[in-house]
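For reference, the structure is listed below as structure tokens.
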Amino acid sequence: MRPRTSKPRTAVVIGGGFSGLASAALLARDGLEVTLLEARAALGGRAGEWREQGFRFETGPSWYLMPEVFDRFFQQMGTSAQAELDLVPLDPAYRVFFEGESEPFDLPDQDSLQALKSLEETPGSLDAYMASAAETCRLATDRLLYSTYSSLRDFTDPALIRRLPRLLRLLGEPLERFISRHTTDPRVQKILGYPAVFLGTSPRAAPSLYHLMSHLDINQSVLHPRGGFSAVVEAAARLGRDHGADLRTSCRVQHIAASAGRAAGVHFTNADGDREFLAADVVVSSADMHHTEMDLLAAEHRTRSSRAWKRRDPGPGAVLALLGVKGELPELAHHSLFFTENWQQGFDEISGAEAPAGPPRSLYVCRPSATDAVAPPGDENLFVLVPTRADETLGSGGAGGAGDAPVEQIVDESIRQIAAWSGIKDLEERVYVRRSIGPADFAREFGAWRGGALGPAHTLRQSAFLRGPIRSPKLRGLYYAGSTTMPGIGVPMCLISAELVRDSLRRDSRNEAQERSDA
């Protein structure tokens, strides 16, 4: 006779980023008594904000892509994205500055594909490329992304079996090679390949399956939520609280407790610095998986060993710069991308295959003040992201140029590069508010493995079911959410991971109920 256990009624969620907030909200809506514990003083995780001298800077995600995923999350919470957010289409969707070219390229909100084709000196097969991207994106959102691959049925879906030969080709061919078969123009190749950065890898290392990303910014509109991603954080938190979730900040989890092979709750330090234990039937960790496994779990409950982690690719680190600028900057769009001519060298430096060679670097600049009220009247707010290798020894950032020297040097060089390429000659002199963030900050603030900015790279060996489990195979009642597990990096993926947690818990509850019935 097996011991009888009741249906899970209580859950603890570790971490208050998007995956943690969404997990807490969905589980609360399912009727569980949910407590979320966030180590930092504010919710949002990497989607934080900093206010200074009338500026409001966001420190994390800024691209609102895959709107259907946001729509699905809000619908499952009984509302809609339209009701919770004020979404604005961006036109241009983004601007691209190419090294050595005097004029930037704008990707318009309408007729984007035609605009992209106008760059090509020799016509390629972009129509076929984008049609394939759209089809692959539909397959991913309908089948691949919302599966945990935990049963044979996940692999024998008729829709997947019919497309299996094509999927195998897309998994086996690098994105860079796939792109080069459809266009020979290096500028177009970079525009099609840059989404690999947001996957934590390079076009040479990413499977061509991820060409689906081009559907999101070329075939679909690029949107901006007014209030930025802070508004999305607030909406998710509000929905969680409305359904009874208790969201606590300044509560740092120290250990995940276990009893008889099941997660039993967590030990944590509360806002007053006192140690507490919170019992729970279910524990969901949305913290970085490396931190969860190596710092919060006993050795026998870890999925990977230290040796196994050393063989994995942490993805890129980043240096961020938050800049308050006097006067207007019409030379920059809401989203601007700066692409170097020696494209691959930058990826090799990020991966550690080559030693850092210094500027120029490929980088990303967000000017949210083009669309939103985030700066004093007449001034501009810039967020600069410079991909680096994931290396805590690069150091931390700081306000007013007070960060560690390697970080501040990268910021200085990037400001000069932006000024030179965009024609804003006096940009450096006009910056009067400045803060930098470095890889050591990501490690300290978010427990990010090796100071990575995004999460483990989406290489073939770190994608789909090879990425990381949703349900712990070692400890019943323990689940993982967030960018370090399935399906991967980015806010939409984090929202999907929360749904996978909810669905896995439902399935496990049904199975345990059946076991009790059979006992």
Side-chain angles (χ1 to χ4, degrees), residues 46 59-66 93-99 105 107 133 174-179 186-218 222 313-321 333 335-354 356-357 359-366 383-391 394 410 414 417-418 437 439 442 448 450-460 462-463 483-484 487-494:
R46 285 173 169 83
T59 61
S62 57
W63 288 71
Y64 191 96
L65 298 172
M66 300 188 76
Y94 53 82
R95 179 168 294 165
V96 184
F97 294 86
F98 296 102
E99 183 180 9
F105 167 74
L107 187 80
L175 178 61
E176 179 184 71
R177 189 186 307 159
F178 186 78
I179 292 171
R187 296 167 300 174
V188 177
Q189 289 175 348
K190 290 170 184 176
I191 290 173
L192 297 179
Y194 89 88
V197 176
F198 297 121
L199 295 169
T201 185
S202 73
R204 186 169 291 179
S208 60
L209 177 72
Y210 290 118
H211 78 293
L212 65 87
M213 296 287 288
S214 292
H215 173 67
L216 307 178
D217 63 347
I218 297 173
V222 176
D313 183 344
V319 168
L320 309 181
H335 297 303
S336 294
L337 299 162
F338 291 71
F339 292 153
T340 59
E341 187 173 356
N342 195 343
W343 171 256
Q344 185 57 42
Q345 180 181 354
F347 289 112
D348 291 341
E349 292 174 4
I350 291 168
S351 70
E354 289 189 14
R361 301 177 177 89
S362 294
L363 48 87
Y364 161 65
V365 179
C366 181
F383 168 91
V384 182
L385 184 151
V386 187
T388 68
R389 67 186 185 279
D391 182 1
L394 280 174
I410 289 174
S414 298
Q417 179 182 336
I418 295 165
I437 298 171
F442 284 96
R450 288 172 51 180
L454 304 174
H458 278 267
T459 59
L460 178 58
Q462 295 181 175
S463 295
S483 63
T484 56
I489 290 170
V491 177
M493 300 301 102
C494 288

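Position 1 is the first residue of the sequence, and the numbers go up from there.
Inter-residue side-chain proximity for L107 and I218 is flagged as met; some heavy-atom pair is nearer than 4.5 Å. With a 4.5 Å cut-off on side-chain heavy atoms, F178 and L192 do not count as touching. The closest side-chain heavy-atom distance from I410 to R361 is below 4.5 Å. With contacts defined as side-chain heavy-atom distances shorter than 4.5 Å, the pair Y364/S62 qualifies. Using a 4.5 Å cut-off on side-chain heavy atoms (C-beta onward), V491 and Y64 make no contact. Side-chain contact between F97 and L363: absent, with no pair of heavy atoms (C-beta onward) separated by less than 4.5 Å. The side-chain heavy atoms of L454 and S483, taken from C-beta on, include no pair separated by under 4.5 Å. Contact annotation: the side chain of T459 approaches that of Q462 to within less than 4.5 Å [non-hydrogen atoms, C-beta and beyond].
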### Query
Would I191 and F98 count as a side chain to side chain contact (heavy atoms under 4.5 Å, CB included) if you check the C-alpha gap in whole Å, the side-chain angles of each, and the deciding distance to 0.1 Å?
CA-CA 10 Å; I191 290 173; F98 296 102; 4.0 Å; yes

### Query
What do the steps show when you test I179 against H211 for side chain to side chain contact (heavy atoms under 4.5 Å, CB included), and what is the final call?
CA-CA 8 Å; I179 292 171; H211 78 293; 5.8 Å; no

### Message
Pair I489, F198 - check side chain to side chain contact (heavy atoms under 4.5 Å, CB included), show working.
### Response
CA-CA 7 Å; I489 290 170; F198 297 121; 5.8 Å; no

### Query
Do D217 and Y194 pass the side chain to side chain contact (heavy atoms under 4.5 Å, CB included) test, and can you show the C-alpha distance, the side-chain angles, and the key distance before you say yes or no?
CA-CA 11 Å; D217 63 347; Y194 89 88; 2.6 Å; yes

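In this structure a side-chain-to-backbone donor-acceptor pair under 3.5 Å is missing from E341 to E99.
One finds the CD atom of Q345 at 10.0 Å from the OG atom of S362 (value rounded to the nearest 0.5 Å). The CZ atom of R187 sits 14.0 Å away from the CH2 atom of W343 when rounded to the nearest 0.5 Å. To the nearest 0.5 Å, atoms OG1 (T59) and CZ (F442) are separated by 7.5 Å.
Every residue two or more places apart in sequence or in another chain that forms a salt bridge (Lys or Arg N to Asp or Glu O under 4.0 Å) with D391 is listed here: R389. Looking at residues two or more places apart in sequence or on another chain, you find no salt bridge (Lys or Arg N to Asp or Glu O under 4.0 Å) involving E349.
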Show me the side-chain donor-acceptor pairs of residues 199-209 shorter than 3.5 Å, one per line, residues at least two apart or across chains.
{"from": "S202", "atom 1": "OG", "to": "R204", "atom 2": "N", "distance (Å)": "3.4"}
{"from": "S202", "atom 1": "OG", "to": "A205", "atom 2": "N", "distance (Å)": "3.3"}
{"from": "R204", "atom 1": "NE", "to": "E176", "atom 2": "OE1", "distance (Å)": "3.2"}
{"from": "S208", "atom 1": "OG", "to": "L170", "atom 2": "O", "distance (Å)": "2.8"}
{"from": "S208", "atom 1": "OG", "to": "E173", "atom 2": "O", "distance (Å)": "3.0"}

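The two atoms that bring R450 and P314 nearest to each other are CZ-CG, 3.5 Å, heavy atoms only. Summarising the geometry of A453 relative to A318, their closest heavy-atom pair is CB-CB, 3.6 Å, with the distance given to 0.1 Å. Contact between S336 and A333 at its shortest, heavy atoms only, is OG-N, 3.2 Å.
A centroid separation of 6.0 Å or more is found between the aromatic rings of F105 and F339.
Between H458 and Y210, the angle of the ring planes goes over 60°, which puts this pair in the perpendicular group of the 30/60° scheme.
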